[in-house]
Amino acid sequence: MDQDMVVSARVRLLSANRRVVRGSEGLWIYRLLTQVEPEAYGSKLAYVLVEASASPLVRDLPERRLALLDEAVEVAKALDASNVYRTKVLTRALAARERELGSRPAEPPSSQRQEPPATAR
């Protein structure tokens with residue numbers, strides 16, 4: 001881990017003067033700091049990932065939205081069971097993921113797709 005990047009992330013976090021840094025900057029900060037201190041920053045990363053999945057920037061990118069939510073679920077699951085925020089962020093991430101999956105149109109498996117009828121000549 002590059003210690004200069006860790007220090008830079010901490011400085012940005014402190015200078016933001018907010019409880020949670022949102023957007024792409026928050027994703028960068030919390031992804032980096034979660035690698036160093038997962039219990040301290042993992043819940044905020046999961047929170048920001050769920051929020052990012054609802055961003056207009058990924059409105060037309062369903063696979064990207066799902067990837068953000070999958071990451072949020074994994075980060076939340078990795079938190080220790082004694083972490084006071086684990087249940088809250090895991091519940092939020094799972095609910096958002098279920099909504100995302102439920103909003104997708106159902107496609108039949110490729111083996112069940114019907115071929116167009118052959119035309120008679």
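All residue numbers refer to positions in the sequence shown, counting from 1.
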Do V50 and V75 share a hydrophobic cluster (ILVMFWY, side-chain heavy atoms under 4.5 Å, transitive)? no
Under 3.5 Å side-chain donor-acceptor pair for Y41 and R31: no
I'd like to know whether CG of D80 has more than 12 heavy-atom contacts from other residues, nucleotides or ligands below 6.0 angstrom. yes
Transitive ILVMFWY cluster of V73, excluding itself - 4.5 Å side-chain cut-off: L90, L94
Interatomic spacing from CD in Q3 to CZ in R10 - rounded to 0.5 Å: 8.0 Å
Rounding to 0.5 Å, atoms CG (L69) and CG (L49) come to a distance of 8.0 Å
Could you state whether L27 and V36 fall into the same hydrophobic cluster, counting links through intermediate Ile, Leu, Val, Met, Phe, Trp or Tyr residues with side-chain heavy atoms under 4.5 angstrom apart? yes
Taking R65 for its side chain and E100 for its backbone only, find out whether a donor-acceptor pair lies under 3.5 Å. no
Using the rule that Ile, Leu, Val, Met, Phe, Trp and Tyr join whenever any side-chain heavy atoms are under 4.5 Å apart, tell me whether L13 and M5 fall into a single cluster. yes
Do R92 and Y85 have side chains that get closer than 4.5 Å, going by heavy atoms? no
Tell me, yes or no, whether the heavy-atom count around D2 atom CG, taken from other residues, nucleotides or ligands under 6.0 Å, exceeds 12. yes
In the structure I gave you, are the side-chain heavy atoms of Y47 and K88 within less than 4.5 Å of one another anywhere? no
